[in-house]
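Working notes, structure below.
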Amino acid sequence: MTISGPTRSDAVAAAHGRFDSGQLFEELAARVQRRTVSTDPSLAEETEEYFRADLGPAVQAMGFTWNRFDNPASSTHPFFVAERIEEDAAFTVLMYGHADVQPPQTGQWRDGLDPWTLTVDGDRWYGRGSADNKAQHTINLAALDEVIRLSGGTLGYSVKLLVESGEEAGSPGLSQFCADHREELAADVFLASDGPRMSAETPTVFLGSRGTTLIRLEVDERDRAHHSGNWGGVLSNAGTILAHALASLVDARGRILVDALRPTGIDDAVRRATSTLRVGSDPGDPALTEGWGEPGLSPAERLFAWNTLEILDFLCGDPHQPVGAIPGSAHADLQFRCVVGSTDAEAVVPAIRAHLQAAGLDRVKVVDRGGMTATRLSPEDPWAQLALASLEETTGKAPALVPNLAGTIPNGAFADVLGLPTVWVPHSYPGCAQHAPNEHVLASLTREAMGIMAGLLWDLRSHRP
Ligand SMILES: [Zn+2]
């Protein structure tokens, strides 16, 4: 007779137990209390405390060693790096989270909720940074803790952890830090959690994100406005020129008119993955606009597998006090989002310049206001498939495979700089109010996520890449 050791279901049950006992709530409540607002330099000490008093002791108890590193690009956004190296490890997993949160918006929360006190109301746990990103990395570390315990201290793989503290401030220095610490951060796969699931009910895996470039168009004809009766017809109008420039880039149905900014197609694996995704199906979502965007594509293809060029704002004259004058200058802000394999980040602005020039609109100045690159692991990658099978086994539900987030995360640091296959398993949902008052996580989803992560980290034990 053989005595069998703990099983996968024991690991999932232990993770659920940590939720049911209230331990996970306590862990998260302590972390939400830290006012780690990354856009407020006066709160920089809160981040140091988050590393020193919260994360440090937690990972140390799990057998990690950890270090705090200066950020090469910012004095107030340090990095936390931990590692748990096993001698006979088959491979190394790099995990990630961000310690920082958005400003609290105190006073705007309902019923006087305090952003820094994790508060239960029905299925919701309210608190600033709960969904974005403290619950997400707290779940992952707690699940890992349970798996380490049940496996008798030997996972069969090594784990590294990188926590940044400037994600909500645009991740300053993240790519540079990864490049400078390639050795310390070397791994075989990247596994992390941020952002929302497709819907609260649907376990989700995403493999990268669309890239983004912010662009400003400027028309500067002269330094002031001139009377439209005295000068109309003989002086160029900056507003008219800007309107034509905008209309030449994107048509009245939102279709991009610049060839170099359009993907050449959608590959089969991405098409298959997007075919099961439903867009805008949660209560409170806006109704989708019929016939908007690239013709011939489904809404999921437009959102996850195509590029968009959005006009964010434009200004000439003073719209609040119209006067009969020809504006001398005008400007507009645009945001381009693109999928992997379509337009390189450096090529976006030159393509717009060339397009405007060819249209006779070279008086319009195009300013590159920065952005992030697009990333996407192939949906057929074995790591992605492993995660999907694991989520399905734990939950009994078919998980959504999102090739890339429609929005943008700093995944280029991991996918491009560190060259890792990137697998994201989000634990929040579209209604979580991240970046707004009343940010919360769902208790039911959090409990399920504990099981999901324990199952996944357990399944990695028998994986041999
Ligand atoms: Zn955020």
Side-chain angles (χ1 to χ4, degrees), residues 28 31-41 43-44 46-47 50 54-55 71 73-74 76-80 95-106 108-109 113 115-116 118 124-141 162-175 177 190 192-198 200 204 206 208-212 214 282 312 335 337 370-375 402 404-414 422 424-442 445-446 449:
L28 181 57
R31 290 174 190 175
V32 165
Q33 247 168 37
R34 301 262 184 235
R35 305 172 183 216
T36 53
V37 181
S38 51
T39 49
D40 184 346
L43 292 171
E46 298 272 332
T47 298
Y50 195 79
D54 295 317
L55 287 186
N71 185 321
S74 161
T76 53
H77 300 118
F79 292 99
F80 178 96
M95 299 175 84
Y96 157 88
H98 64 88
D100 63 316
V101 302
Q102 289 278 322
Q105 299 171 297
T106 309
Q108 296 176 44
W109 293 52
L113 284 170
W116 306 117
L118 191 64
R124 295 179 172 198
W125 295 359
Y126 288 96
R128 172 54 86 227
S130 54
D132 183 14
N133 167 265
K134 288 175 174 172
Q136 308 224 20
H137 61 258
T138 297
I139 288 167
N140 293 359
L141 289 175
L162 169 64
V163 178
E164 69 168 319
S165 63
E167 200 268 351
E168 305 293 2
S171 292
L174 178 63
S175 290
F177 184 79
F190 174 92
S193 305
D194 201 8
R197 292 174 165 192
M198 273 304 284
T204 300
F206 67 85
S209 78
R210 289 202 289 188
T212 181
L214 284 166
D282 271 355
L312 305 179
Q335 186 165 31
R337 294 198 190 259
M372 284 186 192
T373 56
T375 59
V402 181
N404 46 257
L405 278 193
T408 303
I409 51 170
N411 198 44
F414 318 119
T422 51
W424 293 80
V425 182
H427 306 319
S428 153
Y429 80 112
C432 70
Q434 68 184 95
H435 296 204
N438 307 324
E439 177 179 356
H440 62 277
V441 288
L442 298 178
L445 196 163
T446 301

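First listed ligand is number 1; within each ligand, the first listed atom is number 1. A quick note: this is a predicted structure, and the numbers were derived from the prediction, not measured.
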Under 3.5 Å: donor-acceptor pair, side chain of Glu439, backbone of Arg128: no
Mark yes or no for whether Thr138, through its side chain, and Lys134, through its backbone, hold a donor-acceptor pair below 3.5 Å. yes
Any N/O/S of His98 under 2.8 Å from the Zn ion (ligand 1)? no
Among N, O or S atoms, Asp132 approaches the Zn ion (ligand 1) most closely through OD2
Kindly give the atom name of the N, O or S atom of Glu168 closest to the Zn ion (ligand 1). OE2
Distance only, no hydrogens: is a donor on one side chain within 3.5 Å (strictly under) of an acceptor on the other, for Asp100 and His77? no
Of all residues at least two apart in sequence or in a different chain, which pass the side-chain contact (heavy atoms from CB on, under 4.5 Å) check with Ser175? Ala413, Val417
